[in-house]
Colleague: 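Provided herewith is a single structure, encoded as structure tokens, for subsequent inquiry.
Counting convention: from 1, in listed order, for ligands and their atoms alike.
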Amino acid sequence: MNPSEIIAHAKEKGRKLLLEHEAKSLISHYGIPTTKVKVAESEEDAVRAANEIGYPVVLKIVSPEVIHKSDVGGVKVNLKSEEEVENAYKSIVNSVKENAPNARIVGVLVQEFAPPGLELIIGLIRDPQFGPTVMFGLGGIFVEVYKDISFRVAPLVEMDADSMIKEIKAYKLLTGFRGMKPVDLNALKDTLIRAGQIGLDSDEIAEMDLNPVIAYPDGLKVVDARIILR
Ligand code: ADP
Ligand code: MG
């Protein structure tokens, strides 16, 4: 399905939330790198998907009512064998039933495990005055505690992407710090520009949250994506 079909499909189902695999499919149409994913509806399905994708894998709850998956025990990372996948499947379904009894469980999303790197956040909001606006920051406490973020109104050109990256206080961490290698700033700029394009193309998208995006010395990968429709 192309981006407008993905959006139309969710609306038909009466949903304002794109499920993670739908959001990832939409952004991959724009060339934004993301994990391979497969929806599984049973333990056997999940094992089959894991074998196809290759280990280690991550399992996550798929439910239109669950927005913050880890809050309800809906995420298990770095699973290395069929047995771990089976156990994670059971444990996710049980904890979601316990923590969110009204959530409809569509299945469990199996995806490749992205190796550790620098966790970033890329967002898209719709400013009432300026329209689609891209947000950038570092993951975790940098955004939540320090509010260390930058914004640019779409469309972004390379210079905008470049200056919004350099503007955050934590910029130093991106350039190689204490023995860490610098992250791939070209890949990051590309992704910021493409995020803005998504906002310009799809009027129906109210907000998008790519959190986290894991950045590496060579490339990056979006490991969680949430899109809310208007
Ligand atoms: P939530 O809905 O709670 O935001 P996420 O999909 O972001 O759920 O998963 C929670 C955390 O698990 C992420 O912040 C990230 O650190 C880790 N994680 C999720 N997916 C992957 C993945 N494919 N590879 C590696 N780590 C992941
Ligand atoms: Mg997340």
Side-chain angles (χ1 to χ4, degrees), residues 10 15-28 32-40 46-47 49-81 84-85 87-89 91-100 103-125 135-145 149 170 173 180 183-184 187 191 195 205 207-228:
R15 283 196 267 117
K16 276 201 165 179
L17 172 78
L18 294 191
L19 299 167
E20 181 179 328
H21 59 283
E22 295 170 333
K24 283 182 170 174
S25 160
L26 192 149
I27 65 170
S28 65
I32 298 179
T34 178
T35 55
K36 278 183 228 146
V37 296
K38 281 200 156 75
V39 180
V47 166
N51 287 333
E52 277 172 36
I53 290 170
Y55 294 89
V57 293
V58 175
L59 261 59
K60 301 186 195 176
I61 190 66
V62 183
S63 167
E65 286 79 37
V66 176
I67 296 193
H68 299 287
K69 300 172 292 282
S70 33
D71 289 356
V72 293
V75 179
K76 296 275 172 199
V77 300
N78 205 4
L79 308 169
K80 297 193 179 79
S81 64
E84 284 185 24
V85 168
N87 291 336
Y89 191 101
S91 139
I92 285 175
V93 170
N94 288 335
S95 27
V96 174
K97 281 184 178 161
E98 198 178 302
N99 296 314
R104 208 157 15 102
I105 297 176
V106 175
V108 167
L109 194 62
V110 182
Q111 61 190 253
E112 63 180 297
F113 172 75
L118 191 63
E119 294 205 357
L120 310 175
I121 298 179
I122 295 174
L124 176 77
I125 56 159
M135 189 217 97
F136 169 68
L138 259 75
I141 59 165
F142 292 97
V143 166
E144 279 157 35
V145 182
I149 47 182
L173 297 178
M180 268 170 36
V183 304
D184 187 338
T191 305
I205 295 178
E207 56 185 85
M208 175 170 81
D209 191 24
L210 310 180
N211 179 8
V213 175
I214 306 187
Y216 303 104
D218 188 9
L220 57 76
K221 201 155 256 190
V222 173
V223 306
D224 184 25
R226 171 160 45 245
I227 290 178
I228 314 274

Colleague: Scan for salt bridge (Lys or Arg N to Asp or Glu O under 4.0 Å) pairs involving residues 110-124, sequence neighbours excluded, and state none if there are none.
Modeller: E112-K221
Colleague: Would you say H68 and ligand 1 have an N/O pair spaced under 3.5 Å apart?
Modeller: no
Colleague: Under a 3.5 Å cutoff, is there a donor and acceptor pairing between the side chains of K60 and Q111?
Modeller: yes
Colleague: Does ligand 1 have an atom under 4.0 Å from some heavy atom of I67?
Modeller: yes
Colleague: Could you tell me whether E22 and R15 make a salt bridge, using a distance below 4.0 angstrom between a side-chain N and a carboxylate O?
Modeller: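 So E22 pairs with R15 through a salt bridge.
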Colleague: Measure from atom 1 (P) of ligand 1 to every heavy atom in D224, I61, L210 and give the option owning the shortest one.
Modeller: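 Shortest heavy-atom distance from atom 1 (P) of ligand 1: D224.
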Colleague: Should L59 and L79 count as side-chain neighbours, where that means a heavy-atom distance under 4.5 Å?
Modeller: yes
Colleague: Are the side chains of K38 and I53 in touch, meaning some heavy atoms are under 4.5 Å apart?
Modeller: yes
Colleague: Quick one: are L18 and L26 in side-chain contact, heavy atoms under 4.5 Å?
Modeller: yes
Colleague: Answer yes or no: is there a side-chain heavy-atom contact under 4.5 Å between D224 and E20?
Modeller: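 Yes; the side chains approach each other to less than 4.5 Å.
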Colleague: Could you tell me whether P212 and ligand 1 have an N or O pair separated by under 3.5 Å?
Modeller: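 N/O-N/O distance under 3.5 Å: no.
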Colleague: Check the Mg ion (ligand 2) and write out every protein N, O or S atom at under 2.8 Å, as residue and atom.
Modeller: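 Protein N, O or S atoms closer than 2.8 Å to the Mg ion (ligand 2): N211 O, D224 OD2.
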Colleague: Please confirm whether E119 approaches ligand 1 to less than 4.0 Å, judged on its heavy atoms.
Modeller: yes
Colleague: Which of the atoms in ligand 1, numbered in the order shown and given with their element, are less than 4.0 Å from a heavy-atom of N211?
Modeller: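 Checking each atom against N211, I get 7 (O).
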Colleague: Please could you name the atoms of ligand 1 that T35 approaches to less than 4.0 Å, counting only its heavy atoms?
Modeller: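 Those qualifying, in numeric order: 23 (N).
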Colleague: A side-chain contact here means heavy atoms from C-beta on lying under 4.5 Å apart; do K97 and I105 qualify?
Modeller: yes
Colleague: Between Y89 and V108, is any pair of side-chain heavy atoms under 4.5 Å apart?
Modeller: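 Yes; the side chains approach each other to less than 4.5 Å.
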Colleague: Is I122 close to T191 at the side-chain level, that is, under 4.5 Å between some pair of heavy atoms?
Modeller: yes
Colleague: Could you tell me whether some N/O pair between D71 and ligand 1 is separated by less than 3.5 angstrom?
Modeller: no
Colleague: Evaluate the 4.0 Å heavy atom contact test for atom 11 (C) of ligand 1: does a protein atom fall under the cut-off?
Modeller: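 So atom 11 (C) of ligand 1 lacks protein heavy-atom neighbours under 4.0 Å.
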Colleague: Got a sec, which residues hit side chain to side chain contact (heavy atoms under 4.5 Å, CB included) with N99, two or more places apart in sequence or on another chain?
Modeller: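 Partners of N99 under the side chain to side chain contact (heavy atoms under 4.5 Å, CB included) test: V72, S95.
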Colleague: Below 4.0 Å from ligand 1: does a non-hydrogen atom of V57 turn up there or not?
Modeller: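 Not so, V57 does not reach ligand 1.
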Colleague: Is it the side chain (CB and beyond), the backbone, both or neither of K60 that lies under 4.0 Å from ligand 1, heavy atoms counted?
Modeller: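 Near ligand 1, K60 shows its side chain, while the N, CA, C and O stay back.
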Colleague: Would you indicate which of V222, V77, N78 comes nearest to atom 18 (N) of ligand 1 when only heavy atoms are counted?
Modeller: V77
Colleague: Compile the donor-acceptor pairs under 3.5 Å between side chains in residues 210-220 and protein atoms, sequence neighbours left out, one pair per line.
Modeller:
residue, atom, partner, partner atom, Å
Y216, OH, P115, O, 2.6

